[in-house]
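Written out below as structure tokens is the structure these notes cover.
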Amino acid sequence: MGADPNVTYSQITIVDNGIGFSMEYKQKIFEVFQRLHGNVEYSGTGIGLAIVKKIVENHKGIITASATVDEGAVFTVYIPEL
């Protein structure tokens, strides 16, 4: 889903300095129960980003992700202004 050129969006950017991820997985991280690391390495269920994506899309928004392994990630949410 792309941005509508006729709509103004508000942007929210979240930056972390965590474990990051390889960009080849940038779409996979938004799928339910898709984890890039095992339970032994990092806890979690693999549903958090899938829920966020669903909420953003329910508001006709867009979420993107970029990262570098071992350096962190950037998540950007675009929500249409009312």
Side-chain angles (χ1 to χ4, degrees):
M1 176 181 149
D4 183 339
N6 299 314
V7 173
T8 302
Y9 292 85
S10 292
Q11 176 182 325
I12 303 166
T13 302
I14 298 94
V15 180
D16 74 35
N17 60 353
I19 61 173
F21 57 88
S22 175
M23 287 299 289
E24 68 185 277
Y25 301 113
K26 72 178 189 174
Q27 295 304 319
K28 182 178 178 179
I29 63 170
F30 293 110
E31 296 175 14
V32 176
F33 302 121
Q34 293 299 308
R35 297 180 42 138
L36 302 182
H37 303 281
N39 280 337
V40 174
E41 298 167 301
Y42 300 98
S43 63
T45 60
I47 63 171
L49 287 173
I51 292 171
V52 171
K53 181 180 179 196
K54 186 68 173 170
I55 291 168
V56 169
E57 289 177 346
N58 281 346
H59 290 279
K60 311 259 188 282
I62 302 164
I63 184 168
T64 64
S66 63
T68 303
V69 175
D70 296 327
E71 291 186 19
V74 177
F75 299 92
T76 306
V77 177
Y78 302 92
I79 299 290
E81 293 182 3
L82 298 176

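Here the structure is a predicted model, which is why all the values come from computation and not from measurement.
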Legend entry - Set of side-chain hydrogen bond (donor to acceptor under 3.5 Å, both in side chains) partners for Thr13, sequence neighbours left out: Gln11
Inset, instruction - Kindly write out the residues that satisfy side chain to side chain contact (heavy atoms under 4.5 Å, CB included) with Ala73, not counting sequence neighbours, or none if the list is empty. - result: Asp16, Phe21, Ala67, Phe75
Inset, instruction - Kindly check if the number of other-residue, nucleotide or ligand heavy atoms within 6.0 Å of CG (Asn17) is above 12? - result: no
Legend entry - His59 NE2 to Ile79 CD1 distance, which is reported to the nearest 0.5 Å: 6.5 Å
Legend entry - Closest approach of Ile12 to Ile14 (non-hydrogen atoms, all atoms of both residues): CG2-CD1, 3.9 Å
Inset, instruction - Identify, with sequence neighbours excluded, every residue that meets side chain to side chain contact (heavy atoms under 4.5 Å, CB included) alongside Ser66. - result: Met23, Val74
Legend entry - Results of side chain to side chain contact (heavy atoms under 4.5 Å, CB included) for Thr64 - residues two or more places apart only: Ile62, Thr76, Tyr78
Legend entry - Under the side-chain hydrogen bond (donor to acceptor under 3.5 Å, both in side chains) test, residues paired with Thr68 that sit two or more places apart: none
